[in-house]
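The next block holds one structure in the form of structure tokens; read it before the comments.
All figures in this text were calculated on a predicted structure; none of them were measured in a lab. Letters A, B, ... are given to chains in the order of the sequence lines, protein chains preceding strands, and every chain is numbered from 1.
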Amino acid sequence: MPELPEVETTRRRLEPDLVGQTFTAVTIRWPRSIMTPVAALLTILPGLKIESLDRRGKYLLIRLSQNFTLCLHLKMSGQLTIEPTSTPPHHHVRTAFSLANGSELRFRDSRKFGRVYLVENVDEVVGTLGPEPLGHDFTAKSFLALCHSRKGRLKPLLLDQHFIAGIGNIYADESLFQARIHPGRAISSLSTREVSRLYQAIRHVLDQAITLNGTTLDDVYPDGAYQNHFQVYGRRDQPCHSCQSMIQRIVLAGRSTHFCPHCQKST
DNA sequence: CTAAAATCCTGGTGGC
DNA sequence: TGCCACCAGGATTTTA
């Protein structure tokens with residue numbers, strides 16, 4: 001379940017090995033994950049050089065020569081590794097990008113939800129995303145205005161990538177706990193003070209998660225430590241670290257939602 | 001506009 | 001031990 005912190009950690013891990021490299025070939029084992037015409041990917045990508053690695057929300061953006069960008073979304077179970085071409089690929093490697101130095105960028109994804117795009121205009125992929133929650137232009141003031149522009153409950157909104165980019169189920173629940181706001185609250189019911197708390201919580205939670213290299217669950221993602229700092233996510237029927245009340249789990253927006261009924265007031 | 005449900009997928013789990 | 005129903009979960013699509 002890679003969210004913004006996991007994608008950012010992945011970006012930082014891959015960057016030194018990828019920048020300056022040139023793609024030589026692509027091996028596609030699960031064509032449905034390729035959102036660009038497969039023939040175009042196979043013919044265009046070889047020869048393109050990697051210039052930089054960026055991130056937008058949960059998308060990894062590999063900037064290439066000739067103004068192309070390879071966009072990758074890890075969705076639920078995607079992982080990216082760089083391995084020598086001579087190393088036999090794991091069973092779940094769906095796409096392998098060969099590099100001129102004899103290694104491969106391998107997209108491993110057991111659940112096959114991951115997506116690959118090769119575009120000249122990245123807005124085709126990320127153009128409708130909401131603001132970057134850690135960006136300089138995402139301020140308390142702009143968040144307040146954003147909150148006034150939308151209706152609905154907080155949990156579904158935080159998961160909506162057009163509202164804010166990069167937040168998923170884990171960091172939505174953790175942010176709402178830190179802001180001491182119930183996930184089922186209507187956004188229109190928030191006081192200015194609560195909006196401010198939520199803004200600070202989102203920034204702090206994501207920032208700390210990046211510092212800890214993200215969350216590792218079910219070995220899907222390497223080296224993360226944020227799972228050791230969960231306050232509510234996955235802690236159903238365990239005592240709140242703040243007040244000892246039992247953490248509750250409900251379903252909102254069709255997603256498991258964890259909260260402390262004492263610390264997070266519903267009104 | 002919001003919202004709920006269905007869809008895509010498979011590894012892991014719990015029940016028996 | 002084996003079988004199977006069920007579930008998680010990001011984002012899109014469909015339906016209300």
Under 3.5 Å, is there a donor-acceptor pair between the side chain of Thr216(A) and the main chain of Gly224(A)? yes
Just by modelled atom types, is the Val251(A) backbone N or O under 3.5 Å from a matching donor or acceptor in the Thr257(A) side chain? no
Is any side-chain N or O of Arg115(A) closer than 4.0 Å to OP1 or OP2 of dG10(C)? no
Side chain to side chain, Cys263(A) and Cys243(A), heavy atoms closer than 4.5 Å: yes
Using a heavy-atom cut-off of under 4.0 Å over every strand shown, decide if Arg249(A) touches base, sugar-phosphate, or nothing. sugar-phosphate
Does a side-chain N or O of Lys151(A) approach OP1 or OP2 of dT2(B) to a distance below 4.0 Å, or not? no
Protein-proximity profile, nucleotides 11-16 of chain C, B/S/- by nucleotide at the 4.0 Å heavy-atom cutoff, equals BS----
Within the pair Arg111(A) and dG9(C), is there a side-chain N or O less than 4.0 Å away from OP1 or OP2? no
When the distance from CE of Met35(A) to P of dG10(C) is rounded to whole Å, what number comes out? 18 Å
Is it true that a side-chain atom of Gln264(A) and a backbone atom of His262(A) form a donor plus acceptor pair closer than 3.5 Å? no
Working to the nearest 0.5 Å, report the span between CG of Leu99(A) and OG1 of Thr85(A). 7.5 Å
Is the shortest side-chain N/O distance from Ser77(A) to OP1 or OP2 of dG11(B) below 4.0 Å? no
Between Arg13(A) and Leu80(A) (side chain of the first, backbone of the second, donor and acceptor by atom type, cut-off under 3.5 Å), is there such a pair? yes
May I ask whether Phe113(A) stacks on the base of dG9(C), given the cut-offs of 5.5 Å between ring centres and 30° between planes? no
In whole Å, I'd like the distance from the CE atom of Met76(A) to the P atom of dT7(B). 18 Å
Send over the distance from Ile250(A) CD1 to dA8(C) C1', rounded to a whole Å. 17 Å
How many Å lie between CG on Leu157(A) and C1' on dC1(B), as a whole number? 12 Å
What's the CZ-C1' distance between Arg153(A) and dA4(B), to the nearest Å? 11 Å
d(CG, Leu74(A); C1', dG9(C)) in whole Å: 14 Å
So do the side chains of Ile62(A) and Thr69(A) get within less than 4.5 Å of each other, counting heavy atoms only? no
Looking at dG11(B), I'd like to know if its phosphate oxygens (OP1 or OP2) sit under 4.0 Å from a side-chain N or O belonging to His92(A). yes
Quickly work out the Arg108(A) CZ to dG11(B) P distance and round it to whole Å. 11 Å
Atom-to-atom span, CZ of Arg32(A) to C1' of dT7(B) - whole angstrom: 10 Å
